[in-house]
Peer 1: 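My questions all concern the structure below.
In what follows, every chain begins at residue 1, and chains take the letters A, B, ... in the order their sequences are listed. Note that this is a predicted model, so its numbers are computed, not measured.
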Protein chains: 2
Amino acid sequence: MTNPDDDTPRRAHTGRRRNEDARRAILDAVLVLLAESGGAPVTIDTIARAAGVGKQTIYRWWPSKGAVLLEALTGLAGDVVSPPRGETLRADLTSFVTATFRGARAESTAAVLRSLVREAARDPHAADLVRTFTESRRDALRALLAGHPDELAPDADLDLIVDQLYGLFWYRFLLAHRPLSDEAAGALGAALAAQAGAGSVRP
Amino acid sequence: MTNPDDDTPRRAHTGRRRNEDARRAILDAVLVLLAESGGAPVTIDTIARAAGVGKQTIYRWWPSKGAVLLEALTGLAGDVVSPPRGETLRADLTSFVTATFRGARAESTAAVLRSLVREAARDPHAADLVRTFTESRRDALRALLAGHPDELAPDADLDLIVDQLYGLFWYRFLLAHRPLSDEAAGALGAALAAQAGAGSVRP
DNA sequence: GCTTTGTCGAGACGGAAGGTCTCGGTAAAG
DNA sequence: CTTTACCGAGACCTTCCGTCTCGACAAAGC
């Protein structure tokens with residue numbers, strides 16, 4: 001019996017192929033518009049107009065605006081925070097935090113991050129993407145911690161440390177009441193390294 | 001010369017007065033709807049309908065939806081986290097964090113907080129209100145820390161500690177990847193008390 | 001070359017939501 | 001009993017997302 005919902009096509013793909021130029025033009029337009037907009041929301045129509053593309057071409061390949069933003073962000077991730085492998089946990093933590101803070105200080109990535117969060121507040125699908133993204137960042141940080149097993153107290157709560165780091169990062173990034181400075185990065189790295197080494201205090 | 005933009009009325013207020021019942025009905029409707037909606041967005045029309053009130057009556061007294069939400073939230077603040085004054089910094093911090101976490105676990109307040117954040121992502125005016133709100137919370141926490149000067153290292157970075165606490169709180173609250181449990185509250189309180197006592201580690 | 005098939009740009013369209021405007025009615029002050 | 005300001009109700013405008021339609025065009029197979 002034939003399944004009408006069968007995904008396998010009855011014959012190979014024959015029609016016109018995806019236009020790679022359009023894909024690049026869309027992602028580039030997103031980054032340019034976000035950088036120029038200075039935090040103001042960027043609409044789908046604006047993106048399509050700037051990319052010289054029909055809206056349908058966007059929605060054919062991405063399920064929502066948030067998905068486009070996230071792909072543009074990961075495209076930026078060539079400058080991503082690469083996990084260092086230094087001597088001490090404290091040094092590694094500090095350079096990880098510093099790189100994270102610096103990435104967020106660059107207005108190009110900051111604009112994408114901010115828009116992504118705004119989108120996640122509106123679109124549940126975008127919220128899922130953000131959750132996946134933040135989870136991958138947490139995993140990277142956990143791997144860094146696990147790379148220094150001799151410096152970790154046996155009962156150290158790594159999840160707590162990870163969330164303190166990224167919690168402070170997002171909190172300051174979004175509220176912007178205090179800068180994500182290199183000094184703050186150093187202090188945070190040192191404090192969390194000490195916390196990891198001390199383990200939880202006895203009750 | 002007469003200033004047409006003069007704010008002072010040429011005579012005392014004479015007309016009909018503000019209906020206090022309507023005000024209460026609006027704020028109550030907001031809380032009820034948010035609690036029932038289970039996180040789904042609540043619209044102005046729904047609020048007006050539920051409160052038996054015209055939309056204009058809402059916009060006459062509040063500049064935006066976010067402002068209504070915030071007033072409803074501060075109305076809830078009778079259950080607010082009251083700064084304790086115990087023996088040790090660690091005990092005070094732990095009970096402060098525990099109370100904060102528990103407040104966010106109550107679905108009634110959690111729904112308002114979530115909606116407020118959603119609104120802040122859209123409406124700059126609401127974002128300002130949220131900034132003011134979070135600032136007052138930070139002030140309360142700083143006051144708690146300052147209440148134990150003998151337990152603070154002279155070079156302790158109080159802003160860093162405050163932001164670690166609220167950063168982790170909001171991060172976990174909004175991402176919900178990990179619970180705001182009493183255990184986590186205890187661990188966080190202990191870790192931050194230790195950090196405050198140790199001060200910044202020497203370079 | 002011709003047909004089929006899937007993508008392209010452009011834009012009309014529907015729907016949701018916030019916020020404004022209007023209108024007839026009503027309570028308070030004088 | 002007149003003026004003033006608020007009230008409920010709802011039409012209305014605007015913005016923006018996401019879908020649908022249309023004629024054009026490119027790739028694959030015959």
Peer 1: Just how far, in rounded Å, is C1' of D:dG8 from CD1 of B:I44?
Peer 2: 15 Å

Peer 1: Measure distances between side-chain N and O atoms of B:K55 and base N and O atoms of C:dG19, and say whether any donor-acceptor pair falls under 3.5 Å.
Peer 2: yes

Peer 1: Rounded to whole Å, please give me the gap between CZ in B:R18 and C1' in D:dC7.
Peer 2: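 Atom CZ in B:R18 sits about 12 Å away from atom C1' in D:dC7.
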
Peer 1: B:I58 has an atom CD1; how far is it from atom P of D:dG10, in whole Å?
Peer 2: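 Distance, rounded to whole Å: 14 Å.
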
Peer 1: In this structure, how many angstroms lie between the C1' atom of D:dG18 and the CG atom of A:D45, rounded?
Peer 2: 10 Å

Peer 1: In whole angstrom, what separates B:N19's CG from C:dG25's P?
Peer 2: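 Rounded to the whole Å, the gap is 19 Å.
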
Peer 1: On the 0 to 90° scale, with breaks at 30° and 60°, tag the B:F169-B:Y166 ring pair as parallel, tilted or perpendicular.
Peer 2: perpendicular

Peer 1: Let's see if you can work this out: which of C:dG19, D:dC20, C:dA17 has an atom nearest to the side-chain heavy atoms of A:Q56?
Peer 2: D:dC20

Peer 1: A:L141 and side chain to side chain contact (heavy atoms under 4.5 Å, CB included): which single residue from A:L93, A:T100, A:I161 fits?
Peer 2: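 Filter result, single survivor: A:L93.
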
Peer 1: Of the options D:dC6, C:dG19, C:dA29, whose atoms approach the side-chain atoms of B:R60 most closely?
Peer 2: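 Output: D:dC6.
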
Peer 1: Using whole Å, what does the distance between atom P of nucleotide D:dC16 and atom CZ of A:R49 come to?
Peer 2: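 Rounding to the nearest Å, CZ of A:R49 and P of D:dC16 are 13 Å apart.
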
Peer 1: With no angle test and no hydrogens, is the base of C:dT26 tied to the side chain of B:R16 by a donor-acceptor pair under 3.5 Å?
Peer 2: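 Answer is yes: a donor-acceptor pair is held.
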
Peer 1: Testing B:D163, B:T134, B:D159 for side-chain hydrogen bond (donor to acceptor under 3.5 Å, both in side chains) with A:H177, which one passes?
Peer 2: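 Testing A:H177 for a side-chain hydrogen bond (donor to acceptor under 3.5 Å, both in side chains) against B:D163, B:T134, B:D159 leaves exactly one candidate, B:D163.
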
Peer 1: More 5' along DNA chain D: A:R17 or A:V42, using each one's nearest nucleotide?
Peer 2: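 First, find each residue's nearest nucleotide; the 5'-ward one identifies A:V42.
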
Peer 1: If you take all heavy atoms of B:L145 and B:L152, which pair is closest and at what distance?
Peer 2: O-CD1, 3.5 Å

Peer 1: Identify which nucleotide among C:dG18, D:dC17, C:dC8 has an atom closest to any side-chain atom of A:A22, counting heavy atoms from C-beta outward.
Peer 2: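 Looking only at side-chain atoms, A:A22 lies closest to C:dC8.
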
Peer 1: Taking the nucleotide of DNA chain C with the closest heavy atom to each, which residue, A:W61 or B:T43, is nearer the 5' end?
Peer 2: A:W61

Peer 1: Tell me: CZ of B:R23 to P of D:dC6, nearest whole Å?
Peer 2: 15 Å

Peer 1: For B:Y59 and D:dA9, give me the distance from atom OH to atom P, rounded to whole Å.
Peer 2: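 In whole Å, D:dA9 P lies 17 Å from B:Y59 OH.
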
Peer 1: Taking atom types as modelled, find out whether A:Y171 and B:R138 have a side-chain donor-acceptor pair closer than 3.5 angstrom.
Peer 2: yes

Peer 1: Tell me what A:W62 touches on the nucleic acid: a base, only sugar-phosphate, or nothing, going by heavy atoms under 4.0 Å.
Peer 2: nothing

